[in-house]
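Start at 1 with the first residue, then count along the sequence.
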Amino acid sequence: MSSTASEGAAGLGRALAAIPSPQVNSIPIGPLEIHFYALCILAGVVVAVFWSERRWKAMGGEPGTIMDMAVWAVILGLVGGRLYHVISDAQLYFGEGKEPIQALYIWNGGLGIWGAVPLGAVGVWLVARKRGLSMSKLSFAIAPTIPLAQAIGRWGNYFNQELFGRPTDLPWAVEITPTPEGHMRAGMEVGVTTYHPTFLYESLWCLGLAVLLAYLGRRFENSLQGGRLFALYVMGYCVGRFWIEYLRVDPANDFFGLRLNNWTSIAVFLGALAYFVWAGRRLDSFSTAVVPHGHDAGTQVFGDTTDRGGSDEGTVYSAVDTDDSVFDQATGSSEEVGTEYHPSPERSSSEGSTEDGADGTGDDSRSKPE
């Protein structure tokens, strides 16, 4: 009796300490049903866009630029995220007894970050290319905000009671209950109610990654241009996702003892590392344009950067105040090698023509992204 009582007390203690599961995952509003999963993703997007706008403005960009890009990035990101999930977990939607139409039910959960980020980046690239903006600068502004959005969005898995980890008795375990119809959820074990809250682990990891990237961006701004800060985000996320994925027990395709997403983390990490090294060797070759082509405000035209003796190296001529004849006198023929047009308001005539700003100790007056 004593042993039984002790076990019961221990079980009660664990139950009291565990994170309780939400009993609802949506709110009915008239004929509509608003899912908390969608609200968490939306909240993450809104926070990321707001922070990206502030960082972009601090870099000299025009307000509203990130908002315009976010429309395409979010649409394509959702499509890419859902495609990756459906393709990598096709057994959940196709086959005998399955309902393929549920592959479209995005509100039930199931978005793969491995598809969302690349296709979302395509949306940013399309708008940036049309406006003549630098993807290097845009990626620098956006990099810390994406893991923050992920940190918020992961709580949608909590409301859906999905993507939890192995059974555990830890005080911070999440309590998982059967579905309202009485069915066992994917990954549940008979008689086990508490599991690793992998959604919480990933949320905290992404939150810490966002803070770290923001700090590194301020501390090493020049050397992390050219998409290198974004590459650090990718590598940092892959490291966290690898060990978190290893704890998960939801159905997944395994290869050589590892889940598909583990292998994806390794492959993407290596790709981001290779890019980080490659970009570091050619920082001065990336565009620095932060205002659209044709916009007068802040637009600058950089003169001939070669040593011709006719003009000072790195001389800046305003595209607003300088007509063609004056510009031709200062730089010679427009076809001469070295003439560049850089709509980059963050530059000044005292800064060189390289993007990494070697020995740029005199740029304290420039606003830094938060």
Side-chain angles (χ1 to χ4, degrees), residues 19 37 40-41 43-45 47-48 51-52 77 80-81 84-85 88-89 109-121 139-140 142-160 162-168 170 172-174 187 195-217 219-220 224 227-255 257-277:
I19 301 173
Y37 180 85
C40 290
I41 294 177
V45 170
V47 172
W51 190 16
S52 297
Y84 178 87
H85 168 72
S88 61
D89 292 304
L111 288 175
I113 192 66
W114 310 115
V117 171
L119 216 56
S139 68
F140 188 90
I142 296 171
T145 71
I146 297 181
L148 179 60
Q150 290 176 257
I152 299 173
R154 267 303 173 195
W155 284 86
N157 301 134
Y158 169 63
F159 287 100
N160 281 356
E162 61 183 359
L163 307 187
F164 44 86
R166 303 170 187 168
T168 181
L170 292 172
W172 55 83
V174 63
Y195 301 82
H196 277 286
T198 49
F199 79 91
L200 178 61
Y201 297 163
E202 186 166 337
S203 179
L204 294 176
W205 181 272
C206 289
L207 182 61
L209 182 59
V211 174
L212 177 62
L213 291 172
Y215 167 76
L216 292 177
R219 180 68 177 81
F220 305 103
L224 291 179
R228 300 183 86 208
L229 186 65
F230 195 88
L232 283 181
Y233 149 68
V234 174
M235 287 187 284
Y237 177 75
C238 287
V239 171
R241 181 60 182 267
F242 183 88
W243 69 266
I244 293 170
E245 187 75 23
Y246 193 72
L247 292 175
R248 282 170 45 172
V249 293
D250 53 295
N253 296 313
D254 293 346
F255 300 95
L258 290 177
R259 293 160 63 96
L260 174 61
N261 284 330
N262 285 118
W263 290 113
T264 304
S265 297
I266 294 173
V268 174
F269 177 89
L270 293 176
L273 177 60
Y275 178 86
F276 183 85
V277 175

(request) Calculate, to the nearest 0.5 Å, the distance between atoms CH2 and CG belonging to W172 and L200 respectively. (result) 10.0 Å
(message) Test of understanding: with side-chain contact (heavy atoms from CB on, under 4.5 Å), list the residues that count as partners of C40, not counting sequence neighbours.
(response) W155, F159
(request) Could you check Y37 against L111 for side-chain contact (heavy atoms from CB on, under 4.5 Å), going step by step and ending with a plain yes or no? (result) CA-CA 11 Å; Y37 180 85; L111 288 175; 3.6 Å; yes
(request) Mark yes or no for whether N262, through its side chain, and F242, through its backbone, hold a donor-acceptor pair below 3.5 Å. (result) yes
(message) Are Y237 and Q150 packed together at the side-chain level, in the sense that at least one heavy-atom pair is separated by less than 4.5 angstrom?
(response) yes
(message) My understanding is that only residues two or more places apart in sequence, or in another chain, count here; which of them pass side-chain hydrogen bond (donor to acceptor under 3.5 Å, both in side chains) with Y158?
(response) none
(request) Identify, with sequence neighbours excluded, every residue that meets side-chain contact (heavy atoms from CB on, under 4.5 Å) alongside A151. (result) S203, C206, L207
(message) Measuring from atom CZ of F164 to atom CZ of R248, what distance do you get when rounded to the nearest 0.5 angstrom?
(response) 10.5 Å
(request) Apply side-chain contact (heavy atoms from CB on, under 4.5 Å) to V234 and list each qualifying residue two or more places apart in sequence or on a separate chain. (result) F230, C238, V268, A272
(message) For V211, give me all partners under side-chain contact (heavy atoms from CB on, under 4.5 Å), at least two apart in sequence or on another chain.
(response) none
(message) Using the side-chain hydrogen bond (donor to acceptor under 3.5 Å, both in side chains) criterion, which residues pair with S88? Sequence neighbours excluded.
(response) none
(request) Could you pull out all residues at least two apart from Y275 that satisfy side-chain hydrogen bond (donor to acceptor under 3.5 Å, both in side chains)? (result) none
(request) Before giving the answer on side-chain contact (heavy atoms from CB on, under 4.5 Å), spell out for F199 and L163 the whole-Å C-alpha distance, their side-chain angles and the decisive distance to 0.1 Å. (result) CA-CA 7 Å; F199 79 91; L163 307 187; over 6 Å; no
(message) For the CG atom of L148 and the CG atom of L209, what is their distance to the nearest 0.5 Å?
(response) 10.5 Å
(message) For T145 and I142: C-alpha separation, side-chain torsions, deciding distance, then whether side-chain contact (heavy atoms from CB on, under 4.5 Å) applies.
(response) CA-CA 5 Å; T145 71; I142 296 171; 3.8 Å; yes
(message) Contact between L260 and W114 at the side-chain level, heavy atoms closer than 4.5 Å - yes or no?
(response) no
(message) Distance check, rounded to the nearest 0.5 Å: N261 atom CG versus I113 atom CD1?
(response) 11.0 Å
(request) Hey, could you give me the CZ/CZ distance between F276 and R228, rounded to the nearest 0.5 Å? (result) 3.5 Å
(message) If you compare all heavy atoms of A173 against all heavy atoms of P197, which two are closest, and at what distance to 0.1 Å?
(response) CA-CD, 4.1 Å
(message) For Y246, I'd like to know if atom OH has over 12 heavy atoms of other residues, nucleotides or ligands within 6.0 Å.
(response) no
(message) How close do L213 and P147 get, counting heavy atoms only, and between which atoms?
(response) CD1-CG, 4.1 Å
(request) List in chain and number order the residues that pass side-chain hydrogen bond (donor to acceptor under 3.5 Å, both in side chains) with S265, two or more places apart in sequence or in another chain; answer none if no residue qualifies. (result) none
(request) Answer whether the closest heavy-atom distance between the side chains of L216 and L224 falls below 4.5 Å. (result) yes
(request) Measure the spacing between CG of N157 and OG1 of T198 and express it to the nearest 0.5 Å. (result) 7.5 Å
(request) Say whether, by atom type as modelled, one donor and one acceptor occur between the side chain of S139 and the main chain of L229 under 3.5 angstrom. (result) no
(request) Could you list all the salt bridge (charged side-chain N to carboxylate O under 4.0 Å, His left out) pairs where at least one residue sits in residues 148-160, not counting sequence neighbours? (result) R154-E202
(message) I want to check something: taking the side chain as every heavy atom from C-beta on, are V117 and Y84 in contact at a cut-off of under 4.5 Å?
(response) no
(message) Do D254 and W263 have side chains that approach each other closer than 4.5 Å (heavy atoms only, starting at C-beta)?
(response) no
(message) So, using salt bridge (charged side-chain N to carboxylate O under 4.0 Å, His left out) as the criterion, who are the partners of R259 when residues are at least two apart?
(response) E245, D250
